[in-house]
Amino acid sequence: MTTPPLEREAYDPHTVQDRWLPVWDRLDLYRAGRAAGAEKKYVLDMFPYPSGDLHMGHAEAWAIADVVARYWMRRGFDVLHPPGWDSFGLPAENAAIKRGEHPATWTYANIEVQAESFRRYAIAFDWSKRLHTSDPEYYRWTQWLFTRFLERGLAYRKSSAVNWCPQDQTVLANEQVVQGACERCGAVVTKRELTQRFFKVTDYADRLLDDMEQLKGSWPDRVLLMQKNWIGRSVGAHVDFVVGSETVTVFTTRPDTLYGATFFVVAADAPLALSLCAPDRLAALEAYREQVAAATDIERQATDRPKTGVDLGARALNPVTGEQVPVYAADYVLADYGTGAIMAVPAHDQRDLDFARAFDLPVRVVVDTGAEDPAVTGVATAGDGVLVNSGPYDGLRKDEAIERIVADLEARGAGTGAVNYRLRDWLLSRQRFWGTPIPVVHCDGCGLVPVPDDQLPVVLPDLRGDALRPAGTSPLAGATEWVNTTCPTCGGAATRDTDTMDTFVDSAWYFLRFCNPDYLDGPFDPEAVRQWMPVDQYVGGVEHAILHLLYARFFTKALHDMGLLDVTEPFSALMNQGQVILNGSAMSKTTGNLVNLGDELSRFGVDAVRLTMVFAGPPEDDIDWADVSPSGAVKYLARVARLGEDVGSLPLSDVRDVAVDKVVAKTVDEVTRLVEVHRLNVAVARFMELTSALRKAHDAGAVGVASLRDGVEALAVMLGCFAPYTAEEVWSRLGHDVDGGDSVHASTWPSADPLLLVEETVTCVVQVAGKVRDRLEVAPDIGEDELRALALASDGVVKALDGRAVKVAIVRAPKLVNVVPA
RNA sequence: GGGGCCGUAGCCCAACUGGCUGAGGCACACGGUUUAGGUCCGUGACAGUGCGAGUUCGAAUCUCGUCGGCCCCA
């Protein structure tokens, strides 16, 4: 191919993009399996939601992951890097209502726009692995998996007080309620008593917690910490209190404080409060319950909130002391945590103490921590200590006491050691349209009947526009023809379940489907999954630290237990890239604080935007677009292109220049290490230094042409992972027949000749009292004594000592000697 | 209230297990190139590492305190 000469004056990135993109498409460079037989690597970004075109955040995340993917390709690994879309969800539905369309119209149009942007952005995707979760070919298998969970009792229905978003008109999982508000729309979440479907995540609480051990070091610590806190395992005991004719079990982490339990509290909104209440207190309780219903969970749990409650006129029998203590209903105890009831130990729990002081209840110290009496100070003592006022347990240390008391409770059948979790089961049903239909049929005769596998998928009916308006029940209920069906078991009249699944169900297993998205005989191809799983590098925002990552881990473990998967953890390594912000705050359409990715790409070109993204700082740091300089990246890339042109046009020769070879080897060595540990910004800095060094060598007279060519070639290969277009341009300038298949993106990562990395002399710094006074060129393997003698005799040292005696000379051969004067 | 992270030039950020008063980029200044204050090439200036103390032969790096910012849990 004859390439038009590159204009000196203007390096136009768009020309270069237009030149290479079609060539790459034809060469099909990134297909998984190209390096069949080589060790595999699976690189994955958290797949995007198709809301409009790609934005700056996408550009950062994919730029980072693409460097990793391309690096591994250059290193000879067989790399899977697939594109896909998390394409069910509310924004499509809301858009469809507004436009009077089907949600698919908006969704698939956006997917096409994003796909084209990814292509132009030069992400090294294997497009043959593309998937969309809203395709019937995909959600068929989401339904199939749901049925498996159902069969194993891992999916179930129950009635409970659930989170309800009044804006989106649907229930939400606990994980989707952030600070009391809907994670998606921000509306304040309320509670509703509804029958909903759940996944039994709590069955896996221990393993989700314990298996994090194997993720340590390759997942960010803070993500592991957040998951740990979310699961919230606490060890303690269940203790049975008898209230009237009922036995009420409480969970406590402090069974050692049973002697200090001076009252008993049930959650005001729990049904238990009503059943324990004395008849003459019912009116007061009802009034209080109304008040409580109006408060949000955040308000209820605020520590500085005045404690309120109602005396239920009942007594609870403490199984250890035989004491009868008063029973209150209060809102600081939550109905859905533990058993919804607690034994209150005001001396050693701050909230109990606050309540005791408000209601003038006794405070009895049973663990002597050495601190002052909580009844006096108002500060509960939660620390370690020795038991007092505790009958036979007096004098025991806290941990001994816990052990003994639990044993005694168990012996008497009044309690048992227990573990409690903060984690709740995952509420998966939604009252919205654009999601995976729950494949269950309601039959009067047979009850709830799962749709048989051979009748999947249960395809969404064609609803559009106003038919999708949320009304508190799923829009699917309005599709009469769709709802009315026959029972797969008895053949009689039956109705379909009208709820859809949380879109987090779709994304809890997509990484498995990616291994072979065309597989027809199951949700994923066991052979392909065995080959590619687990994901070697997962890249995504920290906002999924709990939600998606917890669900994906749960699915992986559950599928493992079903014998469908070998692995127990889906993602071996996780990287959280930062956000792209502007002028110190998040980009937002509503405030106009926004940079449009398409505009930036038009102004600076793809490579400059990609390079700016990775050069701005460590991948996990936020990038303030106002602080960085895409035009600087443009200039740098133009410099590289010119270097490629100049060096490429030198007459071929075998002459080498060891100095150049050394600089190149050193850069290759360093960049390799930097990319391995994802210090991509530093790697770019090294590229810039190498570029300057090669430029200088070239301008100095171009001896050692072979070294120069090899240097530019190595630069092109490495830079190709970051700035694929410019690198290809340079590669082609060096004489490679890209059109014929010799693309820089099919080349091999350079290796640094170890011999070139060895320095034959090292500069030894000679300090006197910590200040540099001389430098010596010494052999790298110089002996300590020899170096000490050399240093002491050096001019700088003699001068600095000025006749003073030497107390000691610290020698760190071969790099440093520090002479300490007496 | 508890726990964690961070603080390097005007700005963004490097610096392996403490060891050469510290990389790269942006912005800036000067010189050359130029019709051009643009591009390019070159040169240069700018930091003693938030502040205070300690440990050490030696501290950006370790310890303590303090100020400031961020995150998680409660």
Side-chain angles (χ1 to χ4, degrees), chain A residues 7-11 178-179 220-232 234 298 301-305 332 349-351 379-380 382-383 422 542-543 545-546 576 578-579 581 583-584 608 611-636 638-639 641-643 646 667 669-671 673-674 677 679-693 695-696 698-700 762-777 796 806-822:
Chain A
E7 285 298 321
R8 277 227 83 105
E9 295 305 317
Y11 169 72
V178 178
Q179 308 262 299
D221 287 342
R222 60 174 180 154
V223 172
L224 294 176
L225 186 65
M226 283 164 77
Q227 292 226 350
K228 183 174 173 234
N229 289 334
W230 186 261
I231 295 166
S234 44
I298 313 186
Q301 288 180 88
T303 42
D304 53 350
R305 187 163 184 261
Y332 77 94
D349 181 278
Q350 189 60 47
R351 285 176 305 175
V379 179
R422 197 177 161 279
V542 73
E543 66 273 15
I546 295 170
N576 290 133
Q579 304 280 299
I581 61 174
N583 292 309
L611 197 68
T612 303
M613 289 288 180
V614 293
F615 184 50
E620 52 278 1
D621 282 12
D622 287 350
I623 298 171
D624 194 327
W625 202 248
D627 289 339
V628 295
S629 171
S631 61
V634 172
K635 281 199 266 181
Y636 169 69
R639 204 147 42 220
R642 274 197 310 277
L643 179 69
D646 291 350
T667 305
D669 183 57
E670 278 188 56
V671 168
R673 285 206 314 267
L674 289 165
V677 296
R679 308 202 56 72
L680 308 181
N681 54 325
V682 191
V684 175
R686 298 294 166 260
F687 291 152
M688 290 172 170
E689 290 173 293
L690 177 61
T691 307
S692 295
R695 179 88 247 167
K696 266 186 188 146
H698 172 273
D699 291 355
V762 173
T763 305
C764 174
V765 177
V766 184
Q767 305 175 325
V768 175
K771 297 214 186 304
V772 180
R773 298 298 187 186
D774 213 333
R775 285 159 210 273
L776 302 169
E777 288 299 317
V806 172
K807 185 177 164 194
V808 64
I810 311 284
V811 181
R812 292 283 177 273
K815 301 188 88 170
L816 180 129
V817 177
N818 187 14
V819 178
V820 185

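We name chains A, B, ... by the order of the sequence lines, and we start the count at 1 in each one. From a predicted model like this one, the values you see are computed outputs, not experimental measurements.
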A:Asp646 bridged to A:Arg642 by N-O distance under 4.0 Å: no
If pairing requires Watson-Crick or G-U wobble contacts with both distances under 3.5 Å, which nucleotide is the partner of B:G44? B:C28
Shortest non-hydrogen pair, A:Asn681 vs A:Pro618, comes out as ND2-N, 3.5 Å
Given B:A14, B:G24, B:C57, identify the nucleotide with an atom nearest to the side chain of A:Glu689. B:G24
Check: A:Arg775 side chain, B:C20 base, donor-acceptor under 3.5 Å: yes
Mapping A:Asp622 and A:Leu816 to their closest nucleotides on RNA chain B, which lands nearer the 5' end? A:Asp622
Looking at B:C64, which nucleotide sits across from it as a Watson-Crick or G-U wobble partner, both distances under 3.5 angstrom, or is there none? B:G52
Between A:Gly632 and A:Gly617, which residue's closest nucleotide on RNA chain B lies nearer the 5′ terminus? A:Gly617
Span that lies between the P atom of B:C20 and that of B:A60, in whole angstrom: 9 Å
Within the 4.0 Å heavy-atom criterion, would you say A:Val765 contacts the bases, only the backbone, or no part of the nucleic acid? base
When both distances are under 3.5 Å in a Watson-Crick or G-U wobble arrangement, the nucleotide paired with B:G38 is none
Without decimals, in angstroms, what is the distance between A:Gln767 CD and B:G18 P? 15 Å
Within the 4.0 Å heavy-atom criterion, would you say A:Asn818 contacts the bases, only the backbone, or no part of the nucleic acid? base
Minimum-distance nucleotide to A:Arg679 side chain [options: B:U43, B:C73, B:A15]: B:A15
Audit row: A:Arg686, A:Leu690, side chain to side chain contact (heavy atoms under 4.5 Å, CB included) steps and yes/no: CA-CA 6 Å; A:Arg686 298 294 166 260; A:Leu690 177 61; over 6 Å; no
